[in-house]
Participant: 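Pasting a structure below so you can have a look.
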Amino acid sequence: MYPSELAEAAAFQLSCDYSCRPEDFIGNINRAFESKLSKGRRNITETEDFFRMATMGNAAIASADKRLLPFLDRLMGKYEGCQLFTGKIRYLLNCELQAFNKAIGDVSIYYLPQTPYKYVRRGGFNVRVYEQDDISEVLYRYSYKKDFSNALLYDTAKKRKDVLAVCALNGNDIIGIAGASSDSERFWQIGVDVLPAYRKMGIASEIVSALTYEVLMHGAIPYYSTWSGNITSQNTARSCGYIPVWTEMFAQNIEEWQAAT
């Protein structure tokens, strides 16, 4: 059984991402599948995953290059799903991935809002909603990528696009942005940035909550992610009525991994 309708929808989305069945995520058998560009998958990357693994708290499901499958079958047969996200397993994975010039990038926690969702305007600053065309025509021009790179993609060429945003304004100046990207047809991921001088004032929670409501009103499912050490971001998720639903990690080229450290 899924704990909510949105969690059931998440299991279906993950099944598209991992080329498996939705029920695999609520079973107890860890499985690894050959990576494919399946219909309906999230467009986070435009190429097949070399390695990605997720759990909703029961089994762990992996999508990987076929050269990794024998190793993953052995590894995933020895541990429970949640144990496959520990430091020990990351070390074992990195030892195997190194031969392919890969390493584990992030271990992230993914959140979904509790429903029915209630947004209560708190006030204290101006809030403005921007639709997709306004994002590219206005926000890309009058905001800086270095300040709002978590909130906006600043890219119109790829399938994954910025489709909705909520800005906090001090007069006419943008001081915070929460943006939603169309990761798939149904799942829109929320990211948020607030300028350093305006942090710890409740602005992030305000605009994430407002954006969550707007995404739901557009008929999509908002989801929020953060890495395990980002307590501030996790607190923002909780204050906006989000709860953790799945954990996910992926491999990237070592050069990219090193550049991020």
Side-chain angles (χ1 to χ4, degrees), residues 1-36 38 41-42 44-45 49-65 68-98 102-114 183-184 187 189-190 221-238 240-252 257 260:
M1 295 291 292
Y2 299 97
S4 69
E5 289 185 6
L6 292 189
E8 184 175 2
F12 180 81
Q13 179 61 64
L14 289 169
S15 73
C16 296
D17 301 337
Y18 285 80
S19 301
C20 64
R21 304 171 304 164
E23 52 266 32
D24 288 332
F25 283 95
I26 59 171
N28 294 311
I29 301 175
N30 302 324
R31 299 179 186 275
F33 298 90
E34 183 175 351
S35 180
K36 299 177 182 178
S38 300
R41 68 189 288 270
R42 285 176 292 164
I44 297 174
T45 63
D49 296 316
F50 191 83
F51 169 77
R52 183 178 289 269
M53 185 164 63
T55 182
M56 295 183 74
N58 296 301
I61 304 299
S63 173
D65 185 280
L68 283 180
L69 294 181
F71 167 78
L72 290 174
D73 286 340
R74 294 192 301 272
L75 182 70
M76 298 175 75
K78 295 180 180 179
Y79 300 93
E80 294 181 4
C82 62
Q83 294 176 316
L84 290 166
F85 293 80
T86 61
K88 173 184 176 180
I89 301 305
R90 289 180 68 180
Y91 169 77
L92 295 174
L93 284 166
N94 279 332
C95 289
E96 186 71 18
L97 290 167
Q98 188 174 14
K102 307 284 184 181
I104 299 298
D106 291 312
V107 177
S108 297
I109 305 169
Y110 290 80
Y111 298 78
L112 291 173
Q114 299 180 79
D183 289 8
S184 70
F187 272 74
Q189 183 168 188
I190 288 179
I221 297 175
Y223 76 110
Y224 183 103
S225 71
T226 183
W227 43 276
S228 57
N230 195 341
I231 302 302
T232 299
S233 185
Q234 293 173 39
N235 287 337
T236 296
R238 282 191 287 267
C240 295
Y242 280 77
I243 57 174
V245 176
W246 79 91
T247 298
E248 196 166 5
M249 67 177 169
F250 62 92
Q252 58 188 147
W257 181 85

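Computation of the quantities below employed the complete heavy-atom set of this structure, encompassing side-chain atoms and omitting hydrogens, waters and symmetry-equivalent molecules.
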Participant: Ring pair (Phe, Tyr, Trp, His ring centres under 6.0 Å) with Tyr111: which residues, sequence neighbours excluded?
Facilitator: none
Participant: Between the side chain of Asn30 and the main-chain N/O of Gly77, is any donor-acceptor distance below 3.5 Å?
Facilitator: no
Participant: Under the side chain to side chain donor-acceptor pair (under 3.5 Å) rule, collect the residues that match up with Thr236, sequence neighbours excluded.
Facilitator: none
Participant: Just to verify, what does Arg42 make a salt bridge (Lys or Arg N to Asp or Glu O under 4.0 Å) with, not counting sequence neighbours?
Facilitator: Asp17, Glu248
Participant: Suppose we screen for side chain to side chain donor-acceptor pair (under 3.5 Å). Which residues come up paired with Thr55, at least two apart in sequence or across chains?
Facilitator: none
Participant: Using atom types as modelled and distance alone, determine if a side-chain donor or acceptor of Asn235 lies under 3.5 Å from a backbone N or O of Thr232.
Facilitator: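 Flag not set: sc Asn235 to bb Thr232 has no pair under 3.5 Å.
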Participant: Using the side-chain contact (heavy atoms from CB on, under 4.5 Å) definition, which of the options Cys240, Ser233, Pro113 pairs with Tyr224?
Facilitator: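 Of Cys240, Ser233, Pro113, side-chain contact (heavy atoms from CB on, under 4.5 Å) with Tyr224 is met by Ser233 alone.
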Participant: Got a sec, which residues hit ring pair (Phe, Tyr, Trp, His ring centres under 6.0 Å) with Phe51, two or more places apart in sequence or on another chain?
Facilitator: none
Participant: How long is the gap from CG on Asp65 to CZ on Arg52, to the nearest 0.5 Å?
Facilitator: 14.5 Å
Participant: Kindly write out the residues that satisfy side chain to side chain donor-acceptor pair (under 3.5 Å) with Thr86, not counting sequence neighbours, or none if the list is empty.
Facilitator: none
Participant: Strictly by salt bridge (Lys or Arg N to Asp or Glu O under 4.0 Å), give each pair with a member in residues 224-235 just once, sequence neighbours left out.
Facilitator: none
Participant: Looking only at heavy atoms, which two atoms of Phe25 and Ala11 are closest? And how far apart?
Facilitator: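 In this case the closest contact between Phe25 and Ala11 is CD1-O, 4.3 Å.
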Participant: Can you find a heavy atom in the side chain of Glu96 that is under 4.5 Å from one in the side chain of Lys102?
Facilitator: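 Counting from C-beta outward, Glu96 and Lys102 never come under 4.5 Å.
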Participant: Gln83 versus Ile89: any side-chain heavy-atom pair under 4.5 Å?
Facilitator: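 Sidechains of Ile89 and Gln83: no contact.
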Participant: Do you know the tightest heavy-atom contact between Leu92 and Leu75?
Facilitator: CD1-CD1, 3.9 Å
Participant: So does Arg90 get a backbone contact from the side chain of Asn94, meaning a donor-acceptor N/O pair under 3.5 Å?
Facilitator: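 Checked: pair present.
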Participant: Using side-chain contact (heavy atoms from CB on, under 4.5 Å) as the criterion, list what pairs up with Glu34, not counting sequence neighbours.
Facilitator: Lys66, Leu69
Participant: Could you grab the distance from atom CE of Met56 to atom CD of Glu8, nearest 0.5 Å is fine?
Facilitator: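 If I round to the nearest 0.5 Å, the distance is 9.5 Å.
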Participant: May I have the step-by-step check of side-chain contact (heavy atoms from CB on, under 4.5 Å) for Ser184 and Gln13, ending in yes or no?
Facilitator: CA-CA 8 Å; Ser184 70; Gln13 179 61 64; 2.8 Å; yes
Participant: Taking all heavy atoms of Ala60 and all of Met76, pick out the closest pair and write down the distance.
Facilitator: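 Minimum heavy-atom contact is O-CE, 3.3 Å.
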Participant: Which value, rounded to the nearest 0.5 Å, describes the distance between Ile243 atom CD1 and Ile109 atom CD1?
Facilitator: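 Output value for this atom pair is 13.0 Å.
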Participant: For Ser225, what residues pass the side chain to side chain donor-acceptor pair (under 3.5 Å) criterion, not counting sequence neighbours?
Facilitator: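 Gln189.
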Participant: How about Ile190 and Tyr242: do any of their side-chain heavy atoms sit closer than 4.5 Å?
Facilitator: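 They are in side-chain contact.
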Participant: Answer whether the closest heavy-atom distance between the side chains of Trp227 and Val107 falls below 4.5 Å.
Facilitator: no
Participant: Got a second to check how far Lys36's NZ is from Asp49's CG, nearest 0.5 Å?
Facilitator: 13.5 Å
Participant: Does one side chain, of Tyr18 or Asp24, offer a donor that lies under 3.5 Å from an acceptor on the other?
Facilitator: no
Participant: List in chain and number order the residues that pass ring pair (Phe, Tyr, Trp, His ring centres under 6.0 Å) with Phe85, two or more places apart in sequence or in another chain; answer none if no residue qualifies.
Facilitator: none
Participant: Check whether any side-chain heavy atom of Leu14 sits under 4.5 Å from a side-chain heavy atom of Ile61, and report yes or no.
Facilitator: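 Side chain of Leu14 against side chain of Ile61, heavy atoms only: no contact under 4.5 Å found.
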Participant: Using every non-hydrogen atom in the two residues, find where Gln234 and Gly229 come nearest and quote the distance to one decimal.
Facilitator: NE2-N, 4.2 Å
Participant: Name all residues meeting the salt bridge (Lys or Arg N to Asp or Glu O under 4.0 Å) criterion together with Arg238; count only those two or more places apart in sequence or in a different chain, and write none if there are none.
Facilitator: none
Participant: Under the side-chain hydrogen bond (donor to acceptor under 3.5 Å, both in side chains) definition, can you give me all pairs with a residue in residues 70-82, not counting sequence neighbours?
Facilitator: Tyr79-Lys88
Participant: Of the non-hydrogen atoms in Ile221 and Ala9, which two are nearest, and what is the gap between them?
Facilitator: CD1-CB, 3.6 Å
Participant: Heavy-atom distance under 4.5 Å between the side chains of Gln252 and Ile104, does that happen here?
Facilitator: no
Participant: Mind checking whether Met249 and Leu93 have side chains closer than 4.5 Å, heavy atoms only?
Facilitator: yes
Participant: Would you say the side chain of Leu97 lies within less than 4.5 Å of the side chain of Phe50, judging by non-hydrogen atoms?
Facilitator: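 The answer is yes, as the side chains (C-beta and beyond) meet within the 4.5 Å cut-off.
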Participant: For Ala7 versus Val245, what's the shortest heavy-atom pair and its separation?
Facilitator: CB-CG1, 4.3 Å
Participant: Let me know which of Ser35, Ser38, Ser63 forms a side-chain hydrogen bond (donor to acceptor under 3.5 Å, both in side chains) with Ser19.
Facilitator: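 With Ser19 as partner, side-chain hydrogen bond (donor to acceptor under 3.5 Å, both in side chains) holds for just one option, Ser38.
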